[in-house]
Amino acid sequence: MFFFGLERRLFVDIGSDFGHCDVPLIASEVLRLVSIYGYDEAFYSHALTLLYFLEALALRQVDALSGETLLDDMEWHSDLSVLIGLGKLVADGSKIPPEWALEYLLHHPQTDLRTAAQRCPDEFGELFMERYRRRFRGGMKIRRPAHDLRLGYEPASHGFRGFTIPGRYGLEGDARLAGDFEFGYDGLVEITLDGIPDVSGLTAPIGRLWKLARECADELDRYSRFIGKHPDRAETAAALCLLPDVLLEGLRGSILDQLRKWTAEVMAGGSTAVVALVDLVERWSPGHTGKLTAGEAKSLAALLARLGVGMEPDVRFGAPAPKPGGSVVLFRLPDGAGGTPSDAYRAAKPLFHLAAVAGADGRMNPGRLRFAVDRVGRTHRLGPAERRRAGAHMEFLATGRLGMYGVKAKVEAIPPEGRAVVGRFLVALAMSDGPASPKQIAALEKM
């Protein structure tokens, strides 16, 4: 009954005069009642509908871009308020800002967001607005429709049904009352917002936004599926590396900063560092146990590359996933380093394995490593990034036992006419910083 009285005070006594001092007081009172009696579904529905209606009417009197209304304490906005804000922007001939475009999308009754957009709403919103800015050069313009927006509110009080007021010649109904409000015989309170076009029936603008939303959801699909399977790892670098580049620094920069700082510390000003795989994985995905899958190893390498750090072995360059308990070599990537091997690097890679076997004498001598990288790099015309990766690859090979496993297949893959050249290169490598040791000579003889 008290709520019925608030409705009558608003629509019959005050009307559309939102400068009246009672309007914000009534809105606050309805919010207070919701906080107390919100468990009652019928009351909650009526109160929410009234607040939506009031918020929309309040927005009519303010700058749409400011977003300030009489109900600033409300944490949500209704479909009606979005329609009014968009209508005001269209009426002014303004471009639709990214924030309003997102609201337009989310509040449209026919919008059906994909799973990735629903599971990752914050990431989706940021990505959508960024892609919107690029595609529409700051904002989309909407042609003004012919009809102005008309809003309706169905009061909870049955006293509005068959509503009549005393007139000069008796009782009159269906008249304009309390400002711009119109009361229908069925109790509906309606108002036409003169000068604010109705964009709800437009299909072309929302169609363009739906297309963009689908593209953004596709970009977030890998991240969404990962956190769907591992919700407890959503705030790890393992999850972040699946995000589009534009979101990495903006949304989760601090987590990446921690990984970036750690890699810088372990390299300590040098160009490479040998680290335990378990230490790297713990900082990439805390709590991860077991062997890295090929997909996980690829994601890890891709994330490090975004931080300017390379990793060997790297499955993207034809290596198997690192084995549990082993080591990896981190190295600084030059600017512009690619994420896939060139044909020249593929051809040169077997030679680096042979060079690691032929040049090692218990460890990989830095001088011999530089000799191998320089000689093969010049022969195959490798760029700076792939030369640096080749050195890290050979350094990684030296962390294990450099036996003859796999050597036979690599030698047999060399064309017969090129084997003598490779042989001379390996002999020169073994003697590049002095006489070859008996161990190196034995390896050379076998090759």
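Computation of the quantities below employed the complete heavy-atom set of this structure, encompassing side-chain atoms and omitting hydrogens, waters and symmetry-equivalent molecules.
The closest side-chain heavy-atom distance from Glu29 to Leu33 is below 4.5 Å. Taking the side chain as every heavy atom from C-beta outward, Leu10 and Phe53 never approach each other to under 4.5 Å. Side-chain contact between Leu193 and Asp198 is absent, with no heavy atoms from C-beta onward closer than 4.5 Å. Two residues are said to be in side-chain contact when any heavy atoms from C-beta on lie closer than 4.5 Å; Leu330 and Trp262 meet this criterion. Residues Leu280 and Val266 have side chains not in contact (no heavy-atom distance under 4.5 Å, counting atoms from C-beta outward). By the 4.5 Å heavy-atom criterion applied to side chains, Arg387 and Arg378 are counted as neighbours. Proximity of Leu106 to Phe128: side-chain heavy atoms (C-beta onward) are nowhere separated by under 4.5 Å. No side-chain heavy atom of Arg119 sits under 4.5 Å from any side-chain heavy atom of Leu220.
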Exercise for review: Please lay out, stage by stage, how Ile14 and Arg9 fare under the test side chain to side chain contact (heavy atoms under 4.5 Å, CB included).
Suggested key: CA-CA 6 Å; Ile14 298 174; Arg9 175 66 176 152; 3.9 Å; yes

Review point. Under the side chain to side chain contact (heavy atoms under 4.5 Å, CB included) criterion, do Val281 and Glu296 qualify, and how do the steps go?
Key: CA-CA 10 Å; Val281 170; Glu296 290 173 332; over 6 Å; no

Check your understanding: Would Leu351 and Thr379 satisfy side chain to side chain contact (heavy atoms under 4.5 Å, CB included), going step by step from the backbone distance to the final call?
Key -> CA-CA 11 Å; Leu351 298 182; Thr379 302; over 6 Å; no

Practice item. Determine, step by step, whether Tyr153 and Leu54 satisfy the side chain to side chain contact (heavy atoms under 4.5 Å, CB included) criterion, reporting the C-alpha distance in whole Å, the side-chain angles of both residues, the deciding distance to 0.1 Å, and the verdict. Key: CA-CA 10 Å; Tyr153 170 75; Leu54 292 180; over 6 Å; no

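Scanning both residues, Pro341 and Arg316, for their nearest heavy atoms gives CD-O, 3.3 Å. What you find for Val189 and Phe11 is that their closest heavy atoms are CG1-CD2, 4.0 Å. The shortest non-hydrogen separation linking Thr293 to Ala321 is O-CB, 4.3 Å. The two residues Pro145 and Val90 make their nearest non-hydrogen contact at CD-CG1, 4.2 Å. Minimum heavy-atom separation, Arg222 to Ser299: NH2-OG, 3.5 Å. Across every non-hydrogen atom of Tyr223 and Ala234, the tightest pair is OH-O, 3.8 Å.
Between Trp210 and the options Thr111, Leu113, Asp112, a side-chain contact (heavy atoms from CB on, under 4.5 Å) holds for only Thr111. Of the listed residues (Arg131, Arg208, Arg135), just one forms a salt bridge (Lys or Arg N to Asp or Glu O under 4.0 Å) with Glu215, and that residue is Arg135.
Leu51 contributes atom CG, which lies 5.0 Å from atom CG of Leu31 (distance to the nearest 0.5 angstrom). Interatomic distance, Ser285 OG to Phe226 CZ, rounded to the nearest 0.5 Å: 5.0 Å. Rounding to the nearest 0.5 Å gives a distance of 11.5 Å between CD of Glu103 and CG of Leu83. A distance of 10.5 Å separates CZ in Phe3 from CD1 in Ile26, rounded to the nearest 0.5 Å. The structure places CZ of Arg260 at 11.0 Å from CG of Leu304, a figure rounded to the nearest 0.5 Å. Note that CG of Leu102 and CG of Leu212 are 10.0 Å apart. Values are rounded to the nearest 0.5 Å.
Using a 4.0 Å cut-off between charged nitrogen and carboxylate oxygen, Arg370 and Asp374 do not count as a salt-bridge pair. Between Arg225 and Asp221 there is a salt bridge, since at least one side-chain N of the basic residue sits less than 4.0 Å from a carboxylate O of the acidic one.
Between the side chains of Arg388 and Ser271, not a single donor N or O lies within less than 3.5 Å of an accepting N or O. No side-chain donor-acceptor contact under 3.5 Å links Trp284 and Thr236. In summary, the side chains of Thr272 and Glu395 do present a donor paired with an acceptor at a separation below 3.5 Å, with no hydrogens or angles considered.
Relative ring orientation between Phe136 and Tyr132 is described as tilted, the plane-to-plane angle lying within the 30° to 60° band.
Atom CD of Glu41 has 12 or fewer heavy atoms from other residues, nucleotides or ligands within 6.0 Å. Within a 6.0 Å radius of CD in Glu130, more than 12 heavy atoms belonging to other residues, nucleotides or ligands are found. Counting heavy-atom neighbours within 6.0 Å of Arg133 CZ, excluding the residue itself, gives a total above 12.
For the pair Arg389 and Phe317, the cation-pi test (distance below 6.0 Å, angle within 45°) is passed.
Checking side-chain atoms of Glu123 against main-chain N and O of Leu247 turns up no donor-acceptor pair under 3.5 Å. Side-chain atoms of His20 come within 3.5 Å of backbone atoms of Asp22 as a donor-acceptor pair (strictly under, hydrogens ignored).
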